[in-house]
Each structure stands twice: as structure tokens, then as C-alpha cells.
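Notes to accompany the following structure.
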Amino acid sequence: MSNGNIKVRFAPSPTGFMHIGNTRTALFNWLLAKKLGGKFMLRIDDTDTLRSKKEYEDAIREALVWLKLDWSEEARQSARKERYEEVAQKLMAKGRIYACYETPEELEFMRKRLLNKGLPPIYDRSGLKLTQAQKEEYERQGRRPHYRFKLEDGEIVWNDLVRGECRYSEKNLSDPVIIREDGSFLYHLPSVIDDVDFGITHIVRGEDHVTNTAAQIQMFEAIGGKVPSFAHLPLLTGKEGKLSKRLGSLGVRELRAEGVEAMAICSFLAKLGTSEAIEPYYSLEELAQSLDFSKIGRSQPKFDEAELKHFNTRLVHNLPYAEVKSRYEISENFWQAIKGNIKIADDIKLWKSICQDELSPKIEDSELTNKGAELLPQEPWNEETFGTWIKALKEASGKNGKELYHPVRLALTGMNDGPELKVLLPLIGRLKAEKRLKGQKA
RNA sequence: GGUCCCAUCGUCUAAUGGUUAGACAUCACCCUUUCACGGUGGUAAUAUGGGUUCGAGUCCCGUUGGGAUCACCA
């Protein structure tokens with residue numbers, strides 16, 4: 001499939017670090033673009049100037065680069081204010097945007113009053129009924145207006161790629177505030193203007209945006225833009241069931257630091273909550289080809305960090321040598337020898353160091369290990385060497401099983417567990433092995 | 001409270017109205033003279049009450065539970 005006109009966007013607001021929820025949205029967009037042969041753009045939604053920070057923006061880029069979710073185009077909302085104002089002027093002239101003079105406190109009070117009466121806290125549109133004289137009176141009092149988008153009567157319907165047909169009545173929606181008292185724009189309208197201007201064809205985002213979608217569809221229509229396709233992903237929940245705060249703070253940066261592979265995060269997130277098995281994918285391309293919105297369930301999957309870590313280990317065990325080679329200087333032999341016994345890719349360094357660098361051995365049973373040193377055969381060594389040697393040591397010492405193996409492993413590697421000793425021994429070599437068995441640094 | 005969405009093993013899901021299936025985790029066994037890796041097998045679920053039907057996980061209504069939204073956040 002290929003369609004040059006397909007374009008999706010990832011539109012994070014730089015008000016926090018890249019976390020698992022964010023990443024999932026970015027990933028699904030990227031995957032969709034890849035699968036359809038379209039483009040993926042990055043849009044920095046920094047309309048909330050108070051909370052937006054350069055630091056967060058940098059972190060988002062860093063995470064995207066690490067995940068290999070590359071983008072071909074970029075935009076920044078704070079740089080497009082003139083365009084938003086131009087569109088807002090037109091909508092005002094058409095009566096789709098109207099001024100309101102309530103203070104945030106008054107609105108809050110009204111919401112509480114409605115809620116207490118068991119009514120939905122929907123704005124009563126009193127701004128719409130204001131006369132010119134009343135507005136002037138407010139201005140004299142020093143009040144500045146904020147602006148709302150007027151929703152038209154009727155049902156708003158769209159066919160969601162994940163949720164199927166969605167219907168919302170405007171009666172259950174508040175006219176969204178789109179321009180603040182200080183003249184700055186809120187998210188809703190700029191997002192729609194950008195989607196139209198940049199030719200966005202598909203919007204993939206979290207389920208928390210479904211009611212926004214209803215209002216935004218009217219905005220698309222009001223400015224004469226083509227309404228894109230929507231896909232609303234069920235929100236991830238935490239282990240405890242609630243959308244935990246931990247999830248928000250579970251950063252990509254932290255996961256990376258803990259040794260979680262980018263492809264583990266991507267594979268896991270792409271398949272969690274779908275009818276497909278969560279399996280390691282080793283390329284985003286392959287993952288993209290497997291994308292199928294119809295396989296996404298509608299209930300909220302639980303995200304468990306421990307499961308991700310476990311999955312990561314499974315993925316690491318089968319990392320292709322080419323991938324490993326590009327990151328660590330090791331031979332294919334070495335990789336084959338240790339791959340089944342590492343938890344994270346960085347453990348490669350540990351085992352490489354154990355085999356090649358100097359190490360202070362831990363001696364548990366000096367009588368045994370000293371004898372082992374004496375019995376060590378001459379090189380060349382291969383995978384058979386260990387078998388003959390340990391057999392000789394067993395006979396000489398009378399030790400067996402764990403009593404035999406554990407002290408040997410500890411002396412040779414300084415570790416309680418690890419790859420099979422028969423593959424490790426030739427890698428360590430006679431020189432080091434003999435010294436270590438004797439308790440000497442080597 | 002209004003609106004919308006959801007409910008099957010511990011977890012993620014499957015099942016034209018017709019024997020509840022698979023994957024991950026877990027457990028056991030096998031392989032390893034060790035820890036692991038790997039292989040084989042087992043345990044384990046339709047939230048609840050009605051209705052429709054010869055027959056309901058599936059359709060309808062109620063209950064309970066969970067989530068989203070109703071911001072001068074995005």
C-alpha cells in the first residue's frame with residue numbers, strides 16, 4: 001500500500017517528559033504512516049506557554065530519536081499565532097466565535113451549582129445573550145473577554161477506526177473556550193487549523209479526546225477544511241486498575257536507563273490490548289506491516305512495568321547479531337555463548353569484561369579451586385575442555401553438583417549465575433582461569 | 001450528576017446464538033553433574049439478576065464495578 005497523501009502527526013505539548021502513554025500515541029501514528037506509505041510530522045503544541053518548557057521539548061525529541069520514530073516535518077504552534085488569529089477573525093464574522101465575560105471563579109461557581117443540582121456542568125451560553133451595552137459595561141469594569149466556539153445544534157457523527165460509529169449531541173457539550181482572556185489560544189482551534197493547513201489525514205490519539213472530537217469536527221466544517229479520519233485508542237491503565245499517576249511519570253528516559261530496548265517498548269505497546277500476541281519485533285517496519293486497527297480492543301488494557309521488563313529480557317535473548325554488533329564490540333561466537341543469560345543488552349559489557357578484563361575472584365572452597373587450577377589442561381581449548389576438566393576435578397575432589405559447580409563458577413567469573421561454564425571457559429582462557437582458580441587477580 | 005465507553009484464566013485477547021481457545025506470567029517435569037537458557041505438560045476465566053431462545057460468553061433490560069469527558073490543560 002502506498003499513498004503519498006497520507007499524513008499523520010504526533011502533537012505533544014511540551015509540559016512533561018515523554019512517558020508511556022505519549023509514546024503509544026506517537027508509535028501508532030508513526031506505524032500508520034509507515035504502513036500506508038504516508039508522512040509523520042511532529043507538531044509542538046505549546047499553546048500553554050506557562051507550562052511549556054524547552055527542557056520537555058528536548059526530552060520528547062530525544063525519546064523519539066531513540067525510539068527511531070523519525071519525522072519528516074515539524075511545526076510549532078507558538079509560531080503560528082497570526083494564522084490562528086486570521087481564522088478566528090473569519091469565524092467571529094460568521095458568528096461562530098463569541099465573547100464571554102465570566103471570570104474563572106464565576107464559571108467554577110456555576111459548574112459547582114449545576115453539579116450539585118445533579119445537572120451536567122455545561123456552559124449556559126449567557127455570553128451569547130449579552131447586549132453591546134452590557135459588554136461595554138463589563139469593559140468599563142476592566143473585564144477582558146475570552147472567546148468560545150459556538151457549537152451548532154444537532155448530532156455529530158463520525159466513524160472511528162477503533163470505536164466504530166460515534167454520536168454526540170451538542171446538547172451534552174459545552175461551547176469550548178478557544179481564546180483566553182489574555183488573547184492566547186487554547187488547544188482546540190489551533191489544532192484543527194494545523195490539521196487542515198498541514199493536510200493531516202488521520203488522527204490517532206487517546207480516548208480522552210473523543211468529546212473534543214465532536215467539537216473539533218464542527219470546527220473543521222466551520223473553517224471549510226476536510227475532516228480527517230479518527231482513531232481513538234483506549235487509555236492504558238495502571239496495574240491497580242486506575243489510570244495511575246505512576247504511568248504518567250513512567251518515562252521513556254527511565255526505561256531506557258534501566259536497559260529496556262526501544263523495540264521492546266514499541267513491540268509491547270503496539271500489541272498490548274490487541275488480539276495479537278505480544279511478541280518481540282526487531283524492526284519498526286515489520287511492526288508497521290502488522291498494524292491493524294480492527295484488532296484493537298475497546299476495553300482498557302493494563303500496563304504493567306514488570307511485564308514490560310520481562311518481555312524486554314525475552315526480546316534481548318533473541319536480538320540479531322547484526323544489531324548487537326552495531327552497539328557492542330563482540331564476536332558472533334561470544335554473543336551466541338552469552339545471549340541466553342543476560343537480562344538487558346548492557347549485560348554484554350559485563351560478560352565481555354569478565355572474560356577479558358582483570359577480575360578479583362571469589363574463593364568459596366580454596367581446596368577445590370586450587371586442585372582445579374592444577375588439573376587445568378593445556379590449550380587449545382574448546383567446548384569439550386570443560387567437560388573433561390570438571391570430570392577430573394570431580395574425581396580428585398569427591399565433590400558433586402552444586403558443591404562442585406558453584407565454587408568453580410564463582411572463582412572463574414565472580415558471579416553466582418551466568419552462561420554455561422563450558423562455553424565460558426574457552427572464552428576466559430587458561431592464563432586467567434588458572435590464576436583465578438588460585439585466588440589471584442587476573 | 002449528564003453523556004460516552006468497557007466487563008471471559010493473574011494479564012492481553014479468541015469464540016456466524018451451538019464442546020470457552022490461544023499467548024504471556026505461574027507451577028511441574030525433561031535437558032543441563034550448577035544458576036540460567038531451552039523443550040514438554042498442568043492449574044486457571046465468561047461480574048451479577050432477569051428476559052428472548054431448543055440452546056446465551058455472544059442478543060435485550062436492570063444491577064454492580066471500572067474508565068473517559070463535562071478546564072481561560074492538552
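Naming convention: chains lettered A, B, ... in sequence-line order (proteins, then strands); numbering from 1 in each chain. Computed from a prediction, not measured in an experiment: that's the story for all the values here.
- When both distances must be under 3.5 Å, the Watson-Crick or G-U wobble mate of B:U16 does not exist.
- Among the heavy atoms of the strands lying under 4.0 Å from A:Arg51 is at least one base atom, whether or not backbone atoms are also near.
- Checking the phosphate oxygens (OP1, OP2) of B:C5, no side-chain nitrogen or oxygen of A:Arg298 falls inside 4.0 Å.
- Among the protein residues, A:Ile179 comes within range of no part of the nucleic acid, since none of its heavy atoms lies under 4.0 Å from any strand.
- Atom CD in A:Glu420 sits about 12 Å away from atom P in B:G38, given to the nearest Å.
- More than 12 heavy atoms of other residues, nucleotides or ligands sit less than 6.0 Å from atom NZ of A:Lys81.
- Between A:Phe293 and A:Phe28, the ring planes are tilted. Angles from 30° to 60° get that label.
- Residue-level contact check: A:Gly297 touches neither bases nor backbone, having no heavy atom under 4.0 Å from any strand.
- In this structure, A:Lys54 places its NZ atom where only 12 or fewer heavy-atom neighbours from other residues, nucleotides or ligands lie under 6.0 Å away.
- Remark: of the listed residues A:Leu42, A:Thr23, A:Asp45, A:Leu42 is the sole one forming a side-chain contact (heavy atoms from CB on, under 4.5 Å) with A:Pro12.
- Base orientation of B:C37: syn, since the glycosidic angle falls within 90° of 0.
- Nucleic acid contact for A:Leu107: base, since at least one base atom lies under 4.0 Å from a heavy atom of the residue.
- A:Val210 comes within contact range of no nucleotide atom at all, as no heavy-atom separation falls under 4.0 Å.
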